[in-house]
K.L.:
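One structure coming up, written as structure tokens, with questions to follow.
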Protein chains: 2
Amino acid sequence: MNKLNLTKQRKVILDLLQHSDDHPTASEIIERLRDQGHHFAYGTVYNSLKYLTEMELIRELKLGETASRYDARTDDHHHIVCKRCGKVDEVLTEVPAEWLKAVEQETAYRVDHAHVVLEGVCPACRIPQA
Amino acid sequence: MNKLNLTKQRKVILDLLQHSDDHPTASEIIERLRDQGHHFAYGTVYNSLKYLTEMELIRELKLGETASRYDARTDDHHHIVCKRCGKVDEVLTEVPAEWLKAVEQETAYRVDHAHVVLEGVCPACRIPQA
DNA sequence: TTATAATTTATACTTAATCTAAATACAAGG
DNA sequence: CCTTGTATTTAGATTAAGTATAAATTATAA
Ligand SMILES: [Mn+2]
Ligand SMILES: [Mn+2]
Ligand SMILES: [Zn+2]
Ligand SMILES: [Zn+2]
């Protein structure tokens, strides 16, 4: 409920994410900041990512890799990972509500949220190689 | 394709998992082994879990927590995590095949596998407190 | 038995992420 | 403009999960 405090560092990091077309990890973000001439402290990048996530300006993705990825897309959606090249793409097709109902029936949980991580092979990796 | 080599350590760990009704992490497994009087090296537990996973006798679960969990249930299924108490329960209801088809259409990926991690509140945590 | 390969063990190391304490920036109030 | 309190950044230390290494042990096979 607090008012947003976008420091220079937080703004730069948010901007970087909003102009990325992928889902970078913290260390990829640090690399890109370096490339842009910024030298924020390691901890600042983590703090900023946490702050932006709490403010719901970005989302933290845990896709089962060692490091979290970050996403400026904040609407509910899923992700698919290419098992060959590691590319992470968006999945906007929504999980059917009846399925969630069925899960509530089965488990007796109240279901708040579902995140699907799909694994597959991306179009580029499927092209036959010479 | 190699024949199974279940050493004493691997057997004990597999047995422990098969008799667990939850989804313990590696360090929880190490604790329980201690309680049973076993003192396997730290690395042996990790190696055994990796071996058993590769042999498909158990499955490694990455539910977005800091540590992997392990599951002796090897048929395809999903998981729901209670946001209050952290309990992890099984979800056997299968994701509709049409949904997977729709994702293939949307992304142009070939989809091999989908793992859903649901978040909700378990029945016990929903009981009104005094 | 002796040689060979696989596994376990103890320990060192890596990586992602958090914590800490000092330095810096920022927002009011006077 | 100056002073004071609060929030943030910084650099570096620390934690936690997991991996790597090399010596010791165990199992397999000639
Ligand atoms: Mn996304
Ligand atoms: Mn399970
Ligand atoms: Zn690919
Ligand atoms: Zn609960």
K.L.:
Which ones in residues 57-66 of chain B lie close to DNA chain C, meaning a heavy atom under 4.0 Å from one of its atoms?
P.N.:
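None - not one residue of the stretch has a heavy atom sitting under 4.0 Å from the strand.
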K.L.:
Nearest whole angstrom, please: distance from the P of D:dT8 to the CD1 of A:Ile13.
P.N.:
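Atom CD1 in A:Ile13 sits about 14 Å away from atom P in D:dT8.
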K.L.:
I need the NZ-C1' distance between A:Lys11 and D:dT9, as an integer number of Å.
P.N.:
16 Å
K.L.:
Evaluate the ring planes of B:His113 and B:His115, with Trp represented by its six-membered ring, and classify them as parallel (under 30°), tilted (30 to 60°) or perpendicular (over 60°).
P.N.:
parallel
K.L.:
Could you tell me whether the phosphate oxygens of D:dT10, OP1 or OP2, come under 4.0 Å of any side-chain nitrogen or oxygen in A:Gln9?
P.N.:
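True: A:Gln9 side-chain N/O within range (under 4.0 Å) of D:dT10 OP1/OP2.
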K.L.:
With clusters built from Ile, Leu, Val, Met, Phe, Trp and Tyr whose side-chain heavy atoms come within less than 4.5 Å, directly or transitively, what are the remaining members of the cluster of B:Val121, listed by chain and number?
P.N.:
none
K.L.:
If only side-chain N and O atoms of A:Thr7 are considered, is one of them under 4.0 Å from the OP1 or OP2 phosphate oxygen of D:dT8?
P.N.:
no
K.L.:
Give me the one residue out of B:Asp75, B:Asp71, B:Asp76 that meets salt bridge (Lys or Arg N to Asp or Glu O under 4.0 Å) with B:Arg73.
P.N.:
B:Asp75
K.L.:
Please output the side-chain donor-acceptor pairs of residues 91-101 of chain B that fall under 3.5 Å, not counting sequence neighbours, one pair per line with the distance.
P.N.:
{"residue": "B:Thr93", "atom": "OG1", "partner": "A:Glu106", "partner atom": "OE1", "Å": "2.6"}
{"residue": "B:Glu94", "atom": "OE2", "partner": "B:His78", "partner atom": "NE2", "Å": "3.3"}
{"residue": "B:Trp99", "atom": "NE1", "partner": "A:Glu94", "partner atom": "O", "Å": "2.9"}

K.L.:
Rounding to a whole Å, what distance do you find between B:Leu6:CG and D:dT28:P?
P.N.:
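After rounding, the gap between these two atoms is 12 Å.
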K.L.:
Going by number, which of residues 22-40 of chain A have a non-hydrogen atom under 4.0 Å from DNA chain D?
P.N.:
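Under 4.0 Å from DNA chain D: A:Phe40.
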K.L.:
Quickly work out the A:Glu54 CD to D:dT8 C1' distance and round it to whole Å.
P.N.:
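Nearest whole value for this atom pair: 14 Å.
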K.L.:
Give me, pair by pair, the N or O atoms of the protein and of nucleotides 21-28 of chain C that are less than 3.5 Å apart, along with how far apart they are.
P.N.:
none

K.L.:
Tell me, please, which residues at least two apart from A:Lys62 pass side-chain contact (heavy atoms from CB on, under 4.5 Å).
P.N.:
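For A:Lys62 the side-chain contact (heavy atoms from CB on, under 4.5 Å) partners, ignoring immediate neighbours, are A:Glu60, A:Ser68.
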K.L.:
With B:His38, which of B:Lys8, B:Gln9, B:Arg32 fulfils side-chain contact (heavy atoms from CB on, under 4.5 Å)?
P.N.:
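That would be B:Lys8; it is the only one of B:Lys8, B:Gln9, B:Arg32 passing the side-chain contact (heavy atoms from CB on, under 4.5 Å) with B:His38.
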K.L.:
Does C:dT7 have OP1 or OP2 under 4.0 Å away from a side-chain N or O of B:Asn5?
P.N.:
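Checking C:dT7 against B:Asn5, a side-chain N or O does come within under 4.0 Å of OP1 or OP2.
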K.L.:
Kindly say if A:Tyr46 contacts the phosphate of C:dT18, meaning a side-chain N or O under 4.0 Å from OP1 or OP2.
P.N.:
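So the side-chain polar atoms of A:Tyr46 never come under 4.0 Å of the phosphate oxygens OP1 or OP2 of C:dT18.
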